[in-house]
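Just so you know, these numbers use all the heavy atoms, side chains as well, and skip hydrogens, waters and symmetry mates.
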Amino acid sequence: MSDFDIRYCAIRRALIEREFSRLNDMQQKAVFKTEGPLLLLAGAGSGKTTVLINRIINLLRFGSGYESEYAPENAGEEELKKLAYALNDMDSLDDPEIEALCAVDPPKPYEIIAITFTNKAAGELKDRLETACGAAANDIWAHTFHSACTRILRRDIHRLGFSKNFTIYDDDDRKKMLTTVVKDMGYDTKRYDVKYIASEISRAKDNLITPEEYAADVGDDFYKKVVSRVYDAYQRELLSANALDFDDIIFKTVQLLQTCGEVREYYQRKFKYVLVDEYQDTNHAQYVLCSLLAGGYENLCVVGDDDQSIYKFRGATIENILEFEKQYPAAVTIRLEQNYRSTSNILSAANSVISNNSSRKGKTLWTENGVGDEVYIYVGETQEEEGLFIAKTILEGVAKGEKLKDFTILYRSHALSNNIEQSLKRENIPYRIVAGLRFFDRAEVKDMLAYLWVVNNPSDTVRLARIINTPARKIGDRTVELMRAAAEREGISPFEAACRCDSIPELARHSAALSAFTDMINDIRSKLDTLPLPELYDLLLQNSGYLSYLQGQGREGKMRLENVMELKSTIMEYCERNEEPTLNGFLEEISLITDVDRYDQEADAVTMMTMHSAKGLEFDTVFICGAEEGVFPSYRSMDSEAELEEERRICYVAMTRAKRRLYITSAKRRLLYGQTMYGKLSRFAEEIDPSFVKRHVPRIPSHTAERAPTKKKTVESPRASVGFDAFASRPASIDFSRGEIIDHKAFGVGKILNVTPMGGDLLLEISFEGAGVKMMMAKTASKYITKL
DNA sequence: GCTGGACATTTTTTT
DNA sequence: AATGTCCAGC
C-alpha cells in the first residue's frame with residue numbers, strides 16, 4: 001500500500017460516504033461492508049429494507065470501492081485531483097467518470113440475488129430498486145425463496161426427471177394427493193391422520209431428508225414406518241404427475257445444486273452477492289440453499305431479527321441466525337438498533353416484554369422519536385365490552401381527523417375476530433379482514449385454475465380429478481377409478497388413458513363421455529401457442545361447460561361468475577405486465593401468491609389480521625386484543641418454555657407494529673369455541689414496565705364487586721379509570737344538519753359540511769374559518785358547540 | 001350425484 | 001358458536 005493508495009482511498013471513501021450520508025452510522029457500516037459473510041441484526045423499524053436497497057445500490061455503483069485499500073492501477077495524480085475536486089462539488093457523483101474512479105469491480109445487476117419470504121417484500125424491493133437505479137433493477141434477482149427456486153428449476157429440472165412445465169401443488173392439493181395415496185395403500189385414513197402424515201413429510205423435506213433416509217431412520221416405530229412408505233409413494237406419485245409441492249420447490253433445488261456440479265458452478269459463479277431477508281425464518285433447507293448459492297464468493301449477507309422469529313412451527317429454526325457466526329467464522333455482525341417507527345414509550349414497552357426471553361442475541365432498540373402516549377391497557381368484563389372499547393376509540397380518533405386505515409386490530413387467532421367484527425359493524429365502522437376466505441381458495445376460482453393447470457400439464461392428476469366431472473359430464477367415481485387403474489397398468493397418465501379410451505376395453509363403454517372431455521382439453525391445448533391467454537380462458541370457460549354450469553346457479557352463480565371473471569382480469573393484468581406471457585408463467589405466479597399480497601394498504605378502512613400476518617407492516621394505532629392468559633399466550637404453548645418464548649416474540653412483533661399508539665385489550669370473561677373462558681390479563685401485558693403504561697379498569701359492576709383481584713387492581717393504580725368513558729351514555733346529541741353555522745369553543749365559527757350517522761352518533765365535518773376542516777363526533781363535540 | 005344431518009374441530013401458516 | 005367434512009340415503 002503506497003502513500004498514493006492511502007490518499008486515494010481516503011478521498012474515495014469520503015465521496016462514497018457522502019452518497020449515503022442520509023443513513024445513520026450503523027446503516028452505513030452495513031452498506032459499505034460488501035465483501036464476505038455479514039450478519040445484520042436489524043431490529044423492528046430500524047430501516048432494514050432501506051439498508052438492503054442502499055447496499056445493493058452501493059454494490060452496483062461502487063462495488064468494493066469503499067473497503068478496497070488500493071487505488072485503481074491506471075489512476076494517477078490527475079485522477080486523484082479529479083476526485084478531490086469532486087469532493088468539493090455537491091453534484092459530482094452524477095458524473096460517470098467520477099463514479100467510475102470510485103468503483104472497484106462493481107457486479108452486474110444479474111450477479112446479485114436478494115431473497116425474501118413474501119411476494120410483498122420482494123415486490124417492495126423491486127419497486128424501490130427500480131426507482132433508485134432504473135431499468136438495471138430488472139436484472140437483479142429479487143425473489144422469494146420459492147420463486148427464485150422455481151426459476152432455477154425451470155431451467156434444469158429435467159436433470160431430476162421432471163419436465164419444465166411442472167405443476168405446483170398447494171397445501172390443499174398435497175392433502176388430496178396424500179389422501180388418495182394413503183387410501184390406495186390400503187390404510188384407513190381414520191387410523192392414519194393424513195394431516196399428521198403431511199406435516200411429518202413436510203418436516204422431513206424441510207430438513208432435506210429423502211424417503212430413503214427417512215426409512216432408514218424409523219427404527220421400530222410402526223407409525224413412522226407407515227409414514228415412511230407413504231412418503232415414498234407420495235414422491236413417486238408427484239413425479240408421475242410432474243408436480244412439486246411447496247417444500248419440494250426448495251428441496252429439489254438443493255438436490256439439483258448438490259448433485260449437479262455443472263448447475264451448481266453456474267450459479268455459484270453467477271451470484272457474486274447473495275442477500276437474504278428475514279433470515280430468522282429460514283428452515284434448514286433454506287439455510288443450505290443460501291450457503292450453496294453463496295458458495296462461490298461467500299459474499300453472503302443475511303438480515304434478520306432473532307426477536308421476530310415467529311414461524312418455528314413452520315420449520316423455521318432460529319439456530320440459523322444464532323449460529324451464523326459459528327458457520328462463518330469470518331462473519332461480521334452489525335446491529336441496527338435505532339428505531340424510526342415508534343414512540344419511545346411503545347419501544348420501551350416492547351423492550352421490557354422481550355427482555356424476558358432468554359435465548360436471544362441481545363439487542364436494545366432506541367429511538368429519537370418523542371415519548372408519545374403511554375401504552376394503554378384495557379380490561380373489559382366481556383368480549384363485547386372489549387369490542388365496544390375498540391370501536392369507540394376508533395370513532396374518537398376519526399372524530400379528531402384520523403383515518404380509518406390508521407387503525408389496525410391484531411389478534412392471536414382468527415377466532416377472536418368475530419366479536420370485534422360485530423362491534424365494528426354495530427358502530428358502522430368500515431373494516432377489512434386479511435386472510436379469512438382467500439380469493440384463490442374459492443371453489444369456482446380453484447376450478448378454473450384447475451382447468452388451466454390441466455391444459456398446461458395433463459399429467460396433473462389432482463387437478464384433473466377436481467374438474468373431470470365438474471360440471472357433471474357423466475364421468476363418475478367409478479369411471480375415474482377405472483381410468484386410474486388402466487393408467488397404472490399401462491404406465492401412462494390417467495389423462496393419457498382417457499385419450500386412448502377406445503383401445504382400452506374397460507373404458508370403451510364410457511368412451512363418449514371421456515372423449516368429449518379429452519377432445520375439449522386437447523383442442524384448447526392445441527391453441528396454447530396461438531391464442532392470447534385471455535381469449536384462451538374465455539374459450540375454456542365456454543367449452544368446458546363451466547359457464548353455463550354457473551349460469552344455472554341463480555344468484556349464487558352470478559357471484560361465482562364474477563369471481564371467475566376476476567380471475568380473467570388477473571390473467572389480463574399478468575399479460576400486460578409480461579413481454580412474453582405464457583400459461584405456465586401465469587400459473588406459476590399465481591400459485592406463489594397469497595392473500596396478504598392482495599391486501600390493499602390504501603383503502604380507507606380499519607384492518608384486522610392475525611399478529612403473524614402483520615409482520616413487516618406498520619400502523620399508526622395498533623390494538624392487540626384478546627390479551628388474556630390462555631388466549632395470548634395460547635393455552636397450547638403454556639407448558640413449554642420454548643413455545644412461550646415464541647409467543648412472547650409474537651407479542652414483540654405485534655407491539656412494534658405501532659407507530660404512535662398502542663392499546664392492549666382484554667376481557668375477563670370471553671366466549672370462545674362455545675365456552676366461557678376466564679383468563680387473567682396476559683402475562684405479556686404485566687411484563688411491561690408500569691412507567692410506560694396507562695391502565696384502564698372499568699367501573700366494577702355490582703355482581704363482580706366481591707372479586708378481590710379487581711378491587712386490588714383499582715387500589716394499585718390510581719390512574720385507572722381516568723379518561724375513558726366509552727360506556728357512559730350521554731344525552732342524545734343536538735340535531736345537526738348540513739349547512740348550519742356553529743360556534744366551537746376551540747375552533748371558532750364554522751359551517752357544517754357533512755353529517756354522517758356513525759355508530760349511534762353523528763360524524764360532523766365542519767369547515768372552520770380559522771382552523772380549516774375538522775371531523776368530530778356530535779356527542780363529544782356538542783359540549784363545545786353552540787348554534788348560531 | 002345431491003342433500004341433509006351427524007360429527008368433529010377450533011394457534012399461528014411468508015410459499 | 002360456527003364452520004367444515006363425511007357419509008348415508010334418496
Side-chain angles (χ1 to χ4, degrees), chain A residues 115-123 143-150 168-175 179 189-190 193-195 198-199 202 205-206 244-251 277-283 285-286 308-316 383 410-419 421-422 434-438 440-441 443 469-479 588-597 599 609-617 626 630-638 643 646-647 649-651 653-654 670-677:
Chain A
I115 309 177
T116 65
F117 268 82
T118 62
N119 295 302
K120 197 178 161 63
H143 288 290
T144 63
F145 269 102
H146 290 80
S147 70
C149 287
T150 306
I168 298 169
Y169 280 175
D170 65 18
D171 291 359
D172 224 47
D173 302 317
R174 169 175 68 181
K175 217 183 130 201
T179 308
T189 50
K190 276 195 191 115
D193 180 26
V194 175
K195 242 162 105 187
S199 72
S202 181
K205 289 182 179 178
D206 284 349
L244 304 186
D245 64 21
F246 281 143
D247 303 317
D248 277 336
I249 292 176
I250 312 288
F251 193 0
D277 195 10
E278 306 279 17
Y279 194 68
Q280 77 280 355
D281 289 334
T282 51
N283 59 35
Q286 286 159 335
Q308 292 191 65
S309 159
I310 56 173
Y311 284 101
K312 206 173 129 223
F313 69 96
R314 284 288 265 138
Q383 79 265 24
L410 304 180
Y411 34 78
R412 180 67 239 271
S413 75
H414 288 296
L416 293 170
S417 71
N418 221 314
N419 90 79
E421 239 184 297
Q422 282 172 12
V434 176
L437 188 67
R438 310 192 316 183
F440 294 109
D441 277 351
N469 206 31
T470 307
R473 47 172 77 87
K474 300 221 152 51
I475 307 177
D477 288 347
R478 182 96 195 92
T479 314
E588 182 179 309
E589 195 176 286
I590 220 125
S591 61
L592 300 178
I593 264 181
T594 55
D595 220 44
V596 187
D597 300 318
Y599 148 70
M609 64 179 93
T610 64
M611 299 184 202
H612 280 87
S613 315
K615 197 165 106 182
L617 305 173
V631 177
F632 182 44
S634 154
Y635 69 98
R636 307 181 79 127
S637 65
M638 302 237 275
E643 283 183 55
E646 174 132 329
E647 297 278 307
R649 290 192 292 270
I650 295 169
C651 184
V653 167
R670 179 182 300 277
L671 196 61
L672 199 62
Y673 306 132
Q675 276 181 325
T676 304
M677 328 227 316

> With sequence neighbours excluded, what pairs up with A:R314 under the salt bridge (charged side-chain N to carboxylate O under 4.0 Å, His left out) test?
Replying inline: none
>> Among residues at least two apart in sequence or on other chains, which ones pass salt bridge (charged side-chain N to carboxylate O under 4.0 Å, His left out) with A:E643?
In response: none
>> Going by the rule side chain to side chain contact (heavy atoms under 4.5 Å, CB included), which residues pair with A:S591 if we only count those two or more places apart in sequence or in a different chain?
In response: A:I168, A:W453
> Sequence neighbours excluded, which residues qualify as side chain to side chain contact (heavy atoms under 4.5 Å, CB included) partners of A:R473?
Replying inline: A:Y451, A:N469, A:P471, A:I475, A:F517, A:M520, A:S544
> Counting any heavy atom closer than 4.0 Å, what does A:G616 reach on the DNA or RNA strands: base, sugar-phosphate only, or nothing?
Replying inline: nothing
>> Categorize A:D247 for me: base, sugar-phosphate, or nothing, with a 4.0 angstrom heavy-atom threshold over every strand shown.
In response: nothing
Mind calculating the distance between [atom1] ([X]) and [atom2] ([N]) to the nearest angstrom?
X	N	atom1	atom2	result
A:D245	B:dT14	CG	P	15 Å
A:L416	C:dA2	CG	P	15 Å
A:Q308	B:dT14	CD	P	17 Å
A:K120	B:dT14	NZ	C1'	12 Å
A:Q383	C:dA1	CD	C1'	11 Å
A:N418	C:dT3	CG	C1'	11 Å
A:I250	B:dT14	CD1	P	14 Å
A:M609	B:dT13	CE	P	11 Å

>> Just to verify, what does A:F313 make a ring-ring contact (aromatic ring centres under 6.0 Å, His included) with, not counting sequence neighbours?
In response: A:Y311, A:H612
Tabulated below should be each protein N or O lying under 3.5 Å from an N or O of nucleotides 8-12 of chain B; please produce it.
unit_1	atom_1	unit_2	atom_2	d
B:dT11	OP1	A:R636	NH1	2.0
B:dT11	OP2	A:R636	NH1	3.3
B:dT11	O2	A:R412	NH1	2.6
B:dT11	O2	A:R412	NH2	2.8
B:dT12	OP1	A:H414	N	3.0
B:dT12	O4'	A:R412	NH2	3.0
B:dT12	N1	A:R412	NH2	3.4
B:dT12	O2	A:R412	NH2	2.3

>> Between C:dT5 and B:dT12, how far apart are the two P atoms, rounded to whole Å?
In response: 15 Å
>> Quiz question: by atom type and distance under 3.5 Å, do the side chains of A:S634 and A:S637 form a donor-acceptor pair?
In response: no
>> In the structure I gave you, are the side-chain heavy atoms of A:M609 and A:L617 within less than 4.5 Å of one another anywhere?
In response: yes
